[in-house]
Amino acid sequence: MKKVITYGTFDLIHHGHINILKRAKDLGDYLVVGLSSDEFNALKGKAAYHSFEERKMILEAIKYVDEVIPEHNWGQKVSDIKSNNIDLFVMGSDWEGKFDELKEHCDVVYLPRTEGISTSKIKTDLLNQQ
Ligand code: C2G
């Protein structure tokens with residue numbers, strides 16, 4: 001069984017998120033998502049609309065996602081890869097090259113981002129509609 005992992009905040013789930021989850025799952029048999037905790041989001045300078053538990057529930061309802069684990073910090077990826085027997089690490093192309101050190105432990109693939117959508121765009125567009 002080929003196990004894939006990807007990480008993110010996945011707030012206000014949109015088709016860009018679904019696209020990366022679908023493509024990541026298509027590259028293997030089992031997809032683990034490292035979901036950023038609310039505390040880690042604060043470190044990333046992000047304030048998610050949905051709490052970790054709400055974002056976890058939504059992700060677990062997506063057919064491409066097999067398992068959700070918490071992402072607490074930048075440094076846990078190697079131990080996650082080892083403890084979950086991960087074969088492939090996938091991220092969107094906005095992270096191109098940023099996680100290449102993981103190539104010592106598994107394959108690393110960056111997939112093209114879905115253009116024209118982002119959680120911050122959703123927030124901005126909704127504000128402008130008011
Ligand atoms: N993404 C995408 N297309 C978009 C928006 C997002 O492909 N239009 C991808 C991102 O490239 C990322 C994933 O969806 O691979 C999740 O994006 P975010 O929720 O914004 O996560 P991010 O803030 O990038 O956190 O340790 C890694 C970090 O946790 C990643």
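Read the numbers this way: they start at 1 and go in the same order the structure lists the ligands and their atoms.
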So between H15, R55, K46, R113, whose heavy atom ends up nearest atom 6 (C) of ligand 1?
R113
From CG (D26) to CG (L21), nearest 0.5 Å:
11.0 Å
Any N/O of G92 closer than 3.5 Å to an N/O of ligand 1?
yes
Determine, using the 4.5 Å side-chain heavy-atom cutoff (strictly less than), whether I18 and L111 are members of one ILVMFWY cluster.
yes
ring-ring contact (aromatic ring centres under 6.0 Å, His included) partners of residues 35-71, not counting sequence neighbours, each pair once
F40-W74
Parallel, tilted or perpendicular: ring planes of Y7 versus F89, cut at 30 and 60 degrees
tilted
Within-cut-off N or O pair, R23 and ligand 1, under 3.5 Å:
no
Ranked by distance from atom 14 (O) of ligand 1, the top protein heavy atom is I20 CG2, 3.6 Å
Should the proximity of I117 to ligand 1, defined as any heavy atom under 4.0 Å, be assigned to the side chain, the backbone, both, or neither?
both
Examine T6 against ligand 1 and note whether any of their N/O atoms are separated by less than 3.5 Å.
no
Side-chain donor-acceptor pair under 3.5 Å between D11 and T119, yes or no?
no
Should you measure from each heavy atom of H14, which atoms of ligand 1 turn up under 4.0 Å away?
5 (C)
Sort out for me which residue in E53, E60, E54 forms a side chain to side chain donor-acceptor pair (under 3.5 Å) with K56.
E60
Please say whether F10 places an N or O atom under 3.5 Å from an N or O atom belonging to ligand 1.
yes
Distance from atom 25 (O) of ligand 1 to nearest protein heavy atom, with residue and atom
K44 NZ, 2.9 Å
Ion pair check, D94 and R113, cut-off under 4.0 Å:
yes
Kindly confirm or rule out an N or O of W74 lying under 3.5 angstrom from an N or O of ligand 1.
no
Pull out every atom of ligand 1 sitting under 4.0 Å from any heavy atom of K77, numbered as shown with elements.
26 (O), 27 (C)
Under the ring pair (Phe, Tyr, Trp, His ring centres under 6.0 Å) rule, collect the residues that match up with H14, sequence neighbours excluded.
H17
Give the residue, atom name and distance (to 0.1 Å) of the protein heavy atom nearest atom 24 (O) of ligand 1.
W95 NE1, 2.8 Å
Test of understanding: given a 4.0 Å heavy-atom threshold, classify the contact between D94 and ligand 1 as side chain, backbone, both, or neither.
side chain
Pair D66 + K25: basic N to acidic O under 4.0 Å:
yes
Where does E115 meet ligand 1, judged by heavy-atom distances below 4.0 Å: at the side chain, the backbone, both, or neither?
neither
Taking atom NZ of K98 and atom OG of S93, what is their separation to the nearest 0.5 Å?
10.5 Å
Give the atom numbers and elements of ligand 1 that come within less than 4.0 Å of a heavy atom of H17.
14 (O), 19 (O)
Enclosure of K44 NZ (heavy-atom neighbours >12, cutoff 6.0 Å)
yes
Numbered in order shown, the ligand 1 atoms found under 4.0 Å of a heavy atom of T9 are 18 (P), 19 (O), 21 (O), 23 (O)
When only distance counts, is T114 in polar contact with ligand 1, meaning an N/O pair under 3.5 Å?
yes
Are the side chains of V32 and D80 in contact, using a 4.5 Å heavy-atom criterion?
no
Numbered atoms and elements of ligand 1 in range of S36, under 4.0 angstrom, heavy atoms:
29 (O)
Measure the distance from atom 26 (O) of ligand 1 to every protein heavy atom, then report the residue, atom name and distance (to 0.1 Å) of the closest one.
E71 OE2, 2.6 Å
In this structure, does ligand 1 have an atom that sits under 4.0 Å from one of the heavy atoms of S118?
no
